[in-house]
Amino acid sequence: MLDARQIRANPDHIKAQLAKRNISGVLDGFLLLDENRRDILGRVEELKSFRNSASQEVGRMKKEGQEPIELMEKVRQMGQEIKVLDEQLKQVEMQIEKILLNIPNLPHESVPVGEDEASNVEIRRWGNPRQFAYEPLPHWDLGVNLDIFDFERAAKLSGARFTVYKSAGALLERALINFYLDIHTREHGYREILPPFMVSADCMQGTGQLPKFAEDMFKIDGLEMYLVPTAEVPLTNLYREEILEAGQLPIYLTAYTPCFRAEAGSHGRDTRGVIRQHQFNKVELVKLVEPQNSYPELEKLTNDAEKVLQLLGLPYRVMLLSTGDMGFSAAKTYDLEVWMPSYNQYKEISSCSNCEDFQARRANIRYRPAPKAKLQFAHTLNGSGVAVGRTVAALLENYQQEDGSVIIPEVLRPYMGGMDAIKR
RNA sequence: GGAGAGAUGGCCGAGUCGGCUGAAGGCGCUCGCCUGCUAAGCGAGUAAGCGGCUAAUACCUGCUUCGAGGGUUCGAAUCCCUCUCUCUCCGCCA
């Protein structure tokens with residue numbers, strides 16, 4: 001959520017920033033309502049002020065044995081007036097909040113302006129895509145041939161966009177989860193959390209999924225609860241409505257959760273394989289930091305995510321997303337894209353964002369910069385560290401052998417009972 | 001699912017028959033004194049949100065907030081209703 005006072009103070013600047021994200025027209029309604037709000041507020045506060053002093057006066061007079069009937073009647077009528085104005089105020093404030101909750105974050109100045117992903121900027125590459133002496137198979141063929149993916153039975157259980165992992169496939173998935181958590185907790189200083197996989201609508205609003213993207217998520221029937229679309233939601237909301245001391249920051253959190261996504265708008269994309277699923281596993285990284293540190297922290301967080309790809313020996317590149325491709329809550333985002341031989345291109349496997357105070361304002365996560373100092377919103381960051389299902393796909397494709405087997409990277413072997421390859 | 005208890009400031013915790021309680025007391029924190037250093041001790045200060053006034057996130061000032069929402073009243077942390085959550089006991093259960 002943007003700061004209403006900043007919008008009021010500098011509407012043209014905010015409009016220009018929003019225009020970079022192809023958003024226009026939303027501020028005029030806000031400004032009108034905001035003025036309306038302050039007008040009503042001024043009037044109702046004046047009435048309340050009078051009521052307060054009059055009520056005290058009544059109390060004083062009654063103590064002296066008097067019965068100020070006229071004054072009491074006057075205040076009673078004023079109470080009706082106040083009630084009407086309070087109701088009006090409430091309506092206006094609800095409209096204002098609705099507008100603010102639907103406005104995305106402002107892009108950082110370093111973010112390239114563009115319509116869509118075509119304007120993303122490649123920052124760096126790591127590793128060299130392997131040259132194949134034969135036509136590399138896509139991961140879904142490899143997985144089915146090795147009998148570690150079962151799409152048909154998954155469809156029988158749950159429909160399209162689900163996968164059943166079997167034997168070494170299930171083990172690989174589990175190995176990666178443990179490997180990622182170990183690296184991030186032991187090497188990068190994150191605290192491991194195992195959160196609930198269902199969260200309240202309040203949490204979803206706190207991180208920005210609600211109210212705008214309700215159709216992307218799975219809601220629990222009959223409850224104001226949702227299956228988590230990413231661990232970012234429970235991790236960031238851990239400190240919702242809290243006041244932190246400066247000494248507590250930065251907070252680094254990591255968690256494994258399954259992620260559930262309805263992905264309403266993406267029908268027809270990546271229909272084969274495990275790339276786009278209604279349920280997938282992910283290890284997430286979240287940071288709560290002081291504002292002045294958030295950009296260096298974004299670089300570090302991105303490096304932390306990159307590290308696991310390096311350890312796995314998977315070639316990737318880092319993309320700086322343009323204004324047209326960024327998520328709702330982000331001010332700046334780096335995507336990590338892993339090399340996928342069968343696609344002959346890089347595919348997103350991680351997304352690392354600095355949300356600045358956008359989520360903190362929604363979730364009311366504040367901290368005291370120094371003793372006695374005024375409270376400020378913390379900055380929140382999040383990044384995949386990294387998506388597990390897509391890692392399995394990348395490993396299968398990049399480490400496939402001509403005989404159909406797949407080599408297991410050295411670092412994962414301890415997590416797989418010493419297994420060095422998946423064979424039929 | 002059944003029965004009971006509770007929800008107050010950064011934390012703990014008082015609030016009597018509704019008014020002078022934004023809220024005693026304590027802890028923590030800040031500043032000052034004291035002090036070889038530390039601890040202890042002494043004194044003062046210390047909620048947030050939204051408005052007005054401002055260059056100001058500095059003063060000053062108004063309103064709101066004692067789990068949430070509604071009601072009674074001239075006036076509610078205090079009375080009434082609804083809801084949410086927490087705790088204890090019972091039942092069920094991995």
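Throughout, protein chains are lettered first and strands after them, A, B, ... in sequence-line order, and every chain is numbered starting at 1.
- Applying the ring pair (Phe, Tyr, Trp, His ring centres under 6.0 Å) rule to A/Tyr316 yields the partners A/Trp126; only residues at least two apart in sequence or on another chain are considered.
- For the pair A/Glu46 and A/Arg43, the salt-bridge criterion is not met [side-chain N within less than 4.0 Å of a carboxylate O].
- Counting non-hydrogen atoms of neighbouring residues, nucleotides and ligands closer than 6.0 angstrom, the NZ atom of A/Lys74 reaches no more than 12 such neighbours.
- Applying the side-chain contact (heavy atoms from CB on, under 4.5 Å) test to A/Asp202 and every residue at least two apart in sequence or in another chain returns A/Ser200, A/Arg240.
- Between the C1' atoms of B/U21 and B/A47, the separation comes to 14 Å (whole Å).
- To the nearest angstrom, P of B/A47 lies 18 Å from CG of A/Asn364.
- Of the C1' atoms belonging to B/C12 and B/U72, the separation is 34 Å, rounded to the nearest Å.
- Residue A/Arg43 is out of contact with every strand shown, counting any heavy-atom pair closer than 4.0 Å.
- The OH atom of A/Tyr239 sits 18 Å away from the P atom of B/G10 (whole-angstrom rounding).
- Every residue meeting the side-chain contact (heavy atoms from CB on, under 4.5 Å) condition with A/Thr163, not counting sequence neighbours, appears here in chain and number order: A/Phe149, A/Phe151, A/Tyr165, A/Val274, A/Gln277.
- In summary, the side chains of A/His379 and A/Ser294 do present a donor paired with an acceptor at a separation below 3.5 Å, with no hydrogens or angles considered.
- Comparing the same atom, P, in B/G49 and in B/C11 gives a spacing of 15 Å after rounding to whole Å.
- Nearest-nucleotide positions on RNA chain B for A/Ala373 and A/Gly42 put A/Ala373 closer to the 5' end.
- Neither side chain, A/Glu356 nor A/Asn105, offers a donor N or O lying under 3.5 Å from an acceptor on the other.
- Checking the phosphate oxygens (OP1, OP2) of B/U57, no side-chain nitrogen or oxygen of A/Arg5 falls inside 4.0 Å.
- Summarising the geometry, the separation between CG on A/Asp3 and C1' on B/U57 is reported as 10 Å, rounded to the nearest angstrom.
- In this structure, A/Glu241 atom CD and B/U84 atom C1' are separated by 14 Å, rounded to whole Å.
- Listed by chain and residue number, A/Tyr190 satisfy the ring pair (Phe, Tyr, Trp, His ring centres under 6.0 Å) test with A/Tyr252 (two or more places apart in sequence, or in another chain).
- Following rounding to the nearest Å, A/Phe377 (CZ) and B/U57 (C1') show an atom-to-atom distance of 12 Å.
- For the side-chain contact (heavy atoms from CB on, under 4.5 Å) test, residues two or more places apart in sequence or in another chain that qualify with A/Lys307 are A/His188, A/Gln310, A/Leu311.
- Residues A/Glu397 and A/Lys347 are not paired through a salt bridge, judged by the lack of any N-O separation under 4.0 Å between the basic side chain and the carboxylate.
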Every protein N/O lying under 3.5 Å from an N/O of nucleotides 92-94 of chain B:
none

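- Taking the P atoms as reference points, B/A56 lies 30 Å from B/G45, given to the whole Å.
- For A/Arg76 and B/C74, the shortest distance from a side-chain N or O to OP1 or OP2 is below 4.0 Å.
- In this structure, A/Glu35 places its CD atom 13 Å from P of B/G51, rounding to the nearest Å.
- If you take atom P in B/A3 and the same atom in B/G67, they sit 24 Å apart, rounded to whole Å.
- Put simply, CG on A/Asn10 is 13 Å from P on B/A56, counting in whole angstrom units.
- Separating the CD1 atom of A/Ile69 from the P atom of B/U73 is a distance of 16 Å, rounded to the nearest angstrom.
- Inspection of the A/Glu192 and A/Thr185 side chains reveals no N or O donor paired with an N or O acceptor under 3.5 Å.
- The separation of B/U88 from B/C17, taken at their C1' atoms, amounts to 32 Å, rounded to a whole angstrom.
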Inset, instruction - Give the dot-bracket string for RNA chain B, reading 5' to 3', where a pair is Watson-Crick or G-U wobble with both distances under 3.5 Å, ( ) marks pairs inside the strand, [ ] marks pairs crossing earlier ones, | marks a partner on another strand, and . marks unpaired. - result: ((((((((.[[[..)...(.....]]]((((((.......))))))((((((.......)))))).[[[[[..)....]]]]])))))))....

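- Every residue meeting the ring pair (Phe, Tyr, Trp, His ring centres under 6.0 Å) condition with A/Phe179, not counting sequence neighbours, appears here in chain and number order: A/Tyr415.
- For A/Asn237 (side chain) and A/Val233 (main-chain N/O), a donor-acceptor pair under 3.5 Å exists by modelled atom type.
- Between A/Glu57 and A/Arg60 a salt bridge is recorded (basic side-chain N to carboxylate O distance below 4.0 Å).
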Do any N or O atoms of the protein come closer than 3.5 Å to N or O atoms of nucleotides 18-20 of chain B, and which pairs are they?
unit_1 : atom_1 : unit_2  : atom_2 : d
B/G19  : N2     : A/Ser55 : O      : 2.7
B/C20  : N3     : A/Lys63 : NZ     : 3.3
B/C20  : N4     : A/Lys63 : NZ     : 2.0

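- With both ends at atom P, the span from B/U78 to B/U65 equals 11 Å, rounded to whole Å.
- Across B/U46 and B/C53, the matching P atoms stand 26 Å from one another, rounded to whole Å.
- Residue-environment remark: NZ (A/Lys98) stays at or below the threshold of 12 foreign heavy atoms within 6.0 Å.
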Check nucleotides 77-82 of chain B for protein N or O atoms closer than 3.5 Å to its own N or O atoms and list the pairs.
none

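- A salt bridge does not link A/Lys48 with A/Glu45: every distance from a Lys NZ or Arg NE/NH1/NH2 to an Asp or Glu carboxylate oxygen is 4.0 Å or more.
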Inset, instruction - Give the B/S/- string for nucleotides 58-72 of chain B, one per nucleotide from 5' to 3', where a protein heavy atom under 4.0 Å of the base yields B, of only the sugar-phosphate yields S, and otherwise -. - result: ----BBS-----SS-

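- Looking only at atom types and distance, the side chain of A/Gln77 has a donor-acceptor partner in the side chain of A/Glu73 under 3.5 Å away.
- Residues satisfying the ring pair (Phe, Tyr, Trp, His ring centres under 6.0 Å) criterion with A/Phe213, sequence neighbours excluded, are A/Phe328.
- Residues A/Val75 and A/Arg366 both approach RNA chain B. Their nearest nucleotides, taken by heavy-atom distance, put A/Arg366 toward the 5′ side.
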